[in-house]
Amino acid sequence: NAGVTQTPKFQVLKTGQSMTLQCAQDMNHEYMSWYRQDPGMGLRLIHYSVGAGITDQGEVPNGYNVSRSTTEDFPLRLLSAAPSQTSVYFCASKRGWTNEKLFFGSGTQLSVL
Amino acid sequence: AQSVTQLDSQVPVFEEAPVELRCNYSSSVSVYLFWYVQYPNQGLQLLLKYLSGSTLVESINGFEAEFNKSQTSFHLRKPSVHISDTAEYFCAVSVPSGGYQKVTFGTGTKLQVIP
């Protein structure tokens, strides 16, 4: 049972480059989300989705795009990377509208030079 | 808007000693409370949660937390820590927001267990 799978684990970008962080879950969860983790700031919500075709912004959405074409996948796109986007990114999912626990991926460590 | 405050960024404690990790929250509506743990180079895992009922909740590995509504706190405790408890611990609050449950995390507390 894979759970939440994130790729890549590590990535180095130059300022201005674009890339997509991949996230897939095999638990048929309606709710998927992206967080960034920075020292001393905890986890901050970037974008979330409550089902295929439905996405919305979290606390820190600027510089990031998302789409949800299938239940399983929720990619995070950086259109023009900036050094301020250097962070560890986590994808998380859970069942629907409930207070069920979030299942986290193992994270992507991104450095923007 | 809701918020979560973890007062201690790092807590060193000797092995087999007790520990308390503090968490306070603010919210204008009823909340649900969680503690997640993050071991080095891993994602977060749920440790325990309070949804309703008994205000004292326990995890399978000996941690417990008590929901105190009057003090708006949800402190995490363990009577005797082990080296394997070394990790970062995050308190989180979930509140209804636009038809779903919005989860807000605290800034985390790094527990360092000293042999």
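Keep in mind that what you see is a predicted model, and the values were worked out from it rather than measured. By convention in this document, chain letters (A, B, ...) are assigned in the order of the sequence lines, proteins followed by strands, and residues within each chain are numbered from 1.
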Self-check item: Option in B/S9, B/G43, B/A92, B/S94 with maximal non-hydrogen atom pairs under 4.5 Å from chain A
Solution: B/G43
Quiz item: Is the count of non-hydrogen atoms from other residues, nucleotides or ligands lying under 6.0 Å from B/I60 atom CD1 greater than 12?
Solution: no
Exercise. Identify which part of A/Y35 has an atom lying under 4.5 Å from any heavy atom of chain B, answering side chain, backbone, both or neither.
Key: side chain
Practice problem: Kindly check if the number of other-residue, nucleotide or ligand heavy atoms within 6.0 Å of CD (A/E59) is above 12? | Solution: yes
Quiz prompt | Spatial distance of atom CG (A/L102) from atom CZ (B/F34) [nearest 0.5 Å] | solution = 7.5 Å
Quiz prompt | chain A contact via B/L51 - side chain, backbone, both or neither, heavy atoms under 4.5 Å | solution = side chain
Quiz item: Where on B/V103 is there a heavy atom nearer than 4.5 Å to chain A: the side chain, the backbone, both, or neither?
Solution: both
Quiz prompt | Co-membership, hydrophobic cluster, residues B/L7 and B/L111, 4.5 Å side-chain | solution = no
Quiz item: When hydrophobic residues are tied together by side-chain contacts of less than 4.5 Å, even through go-betweens, does A/M32 share a cluster with A/Y89?
Solution: yes
Exercise. Under 4.5 Å, counting heavy-atom pairs only, tell me which of A/S33, A/G42, A/A92 racks up the most with chain B.
Key: A/G42
Quiz item: Which heavy atom in A/K101 sits nearest to a heavy atom in B/L46, and how many Å separate them?
Solution: CB-CD2, 3.4 Å
Quiz item: Is it the case that one hydrophobic cluster holds both B/L76 and B/V4, taking links as side-chain heavy atoms less than 4.5 Å apart, direct or via other members?
Solution: yes
Quiz prompt | Choice from B/K49, B/K110, B/Q45, B/Q38 maximising heavy atom contacts with chain A below 4.5 Å | solution = B/Q38
Quiz item: Going by heavy atoms in the side chains, are B/F105 and A/Q37 under 4.5 Å from each other?
Solution: no
Practice problem: Give the cluster check for A/Y64 versus A/M19: same hydrophobic cluster or not, with ILVMFWY residues linked at side-chain heavy-atom distances below 4.5 Å. | Solution: yes
Quiz item: Checking heavy atoms, do the side chain of B/Q6, its backbone, both or neither come under 4.5 Å from chain A?
Solution: neither
Quiz item: Are A/I46 and A/L110 in one and the same hydrophobic cluster, where Ile, Leu, Val, Met, Phe, Trp and Tyr link if side-chain heavy atoms are under 4.5 Å apart?
Solution: yes
